[in-house]
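Just the heavy atoms: all of them, side chains too, but no hydrogens, waters or symmetry mates, feed the values below. Numbering of ligands and ligand atoms starts at 1, following listing order. Predicted model, so just to flag it, every value in this text is computed and none were measured. Heads up: numbering here begins at 1 and tracks the sequence.
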Amino acid sequence: MKKVLLTLSTLALLASTAEARTWADIKQSGTIKIATEGAFPPFNLMKGNQLTGFEVDLANALAKGMGLKVQWVTQPFDNLLIGLNQDRYDFVIASHGITPERQKAVDFSSPHYCTGGAIVTRPGGPLTAAALKGKKVGVQVGTTYLENVNKVPGVGEVKTYPKDTDAQAALMAGRVDAWVGDKFTGLDVVKAQKGKLVQGDLLFNERIAMAVKKGNSSLLGQLNAALATAMKNGTYAKISKQYFGQDVRCR
Ligand code: ARG
């Protein structure tokens with residue numbers, strides 16, 4: 001909990017006084033700079049040296065719709081919103097849940113998908129919030145999983161990892177009793193582990209959105225318009241079905 005608060009107050013402090021690039025600046029340059037983590041399958045990941053995933057394909061489609069080329073930047077998850085406030089890139093798409101704390105630091109687009117945080121464990125492990133009592137739980141640092149697991153009454157030690165995949169590895173190795181992560185990621189991981197892991201209850205729901213620097217309303221308006229178009233013309237549905245076998249937009 002302390003770590004979360006520290007990171008967010010740091011964010012506020014680091015909000016640079018320099019101006020973020022407006023839509024007019026970006027349009028004129030012809031290239032938009034987008035940041036993600038690149039370590040959060042199936043949303044954003046590296047395949048060899050190729051950045052891919054649902055959010056990468058979606059953002060590339062949005063940029064195309066806006067008539068722009070894309071320059072991708074990858075950063076550890078915990079640094080993404082800080083770099084945004086330092087004007088290192090124009091927007092972030094990295095599965096950020098819209099939370100009141102984050103809304104103090106950045107502006108969010110309309111949600112680009114809806115999901116939730118779910119428990120994954122080894123067979124026989126804790127499957128419910130109540131069963132997490134006294135248990136060791138692994139989560140990625142700086143996430144809503146951390147925030148929500150900390151709220152579970154009586155939860156044992158909560159261990160944070162730089163990457164979500166590190167928390168999954170800790171569960172596989174038996175260093176934690178459960179991992180809490182995205183419900184879609186959990187489904188994929190459980191499937192890939194063929195019986196070595198099982199998915200438990202959903203702990204919370206969240207709306208996931210792209211982030212722009214606070215006050216960059218011209219860019220935000222264009223992003224929201226591009227997303228609405230993609231949701232209307234079939235582009236969004238096509239990419240979503242490719243990754244999830246279903247349409248993951250918020251309803
Ligand atoms: N949805 C969670 C959150 O809002 C996790 C996001 C993690 N994203 C990532 N690229 N690792 O905090």
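The salt bridge (Lys or Arg N to Asp or Glu O under 4.0 Å) pairs that include a residue from residues 234-250 are D247-R249, D247-R251, where partners are two or more places apart or lie in different chains. Judged as a side-chain hydrogen bond (donor to acceptor under 3.5 Å, both in side chains), the pairs with a partner in residues 125-141 (not counting sequence neighbours) are, in order, E37-Q140.
Of the listed residues (T36, I34, V212, L80), just one forms a side-chain contact (heavy atoms from CB on, under 4.5 Å) with V92, and that residue is L80.
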With a 3.5 Å cut-off and sequence neighbours excluded, list the donor-acceptor pairs that the side chains of residues 199-209 form with protein atoms.
residue : atom : partner : partner atom : Å
Q199    : NE2  : K183    : O            : 3.1
E206    : OE1  : T144    : OG1          : 2.9

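Contacts of ligand 1 (protein heavy-atom distance under 4.0 Å) are E37, F40, N44, F77, A94, S95, H96, G97, R102, Q140, T143, T144, Y145, E206, I208.
Ring-plane geometry between F54 and F43 is classed as perpendicular, the angle between the planes exceeding 60 degrees on a 0 to 90 degree scale with a lower cut at 30.
No continuous path of ILVMFWY side-chain contacts below 4.5 Å connects L146 to L171, so the two sit in separate hydrophobic clusters.
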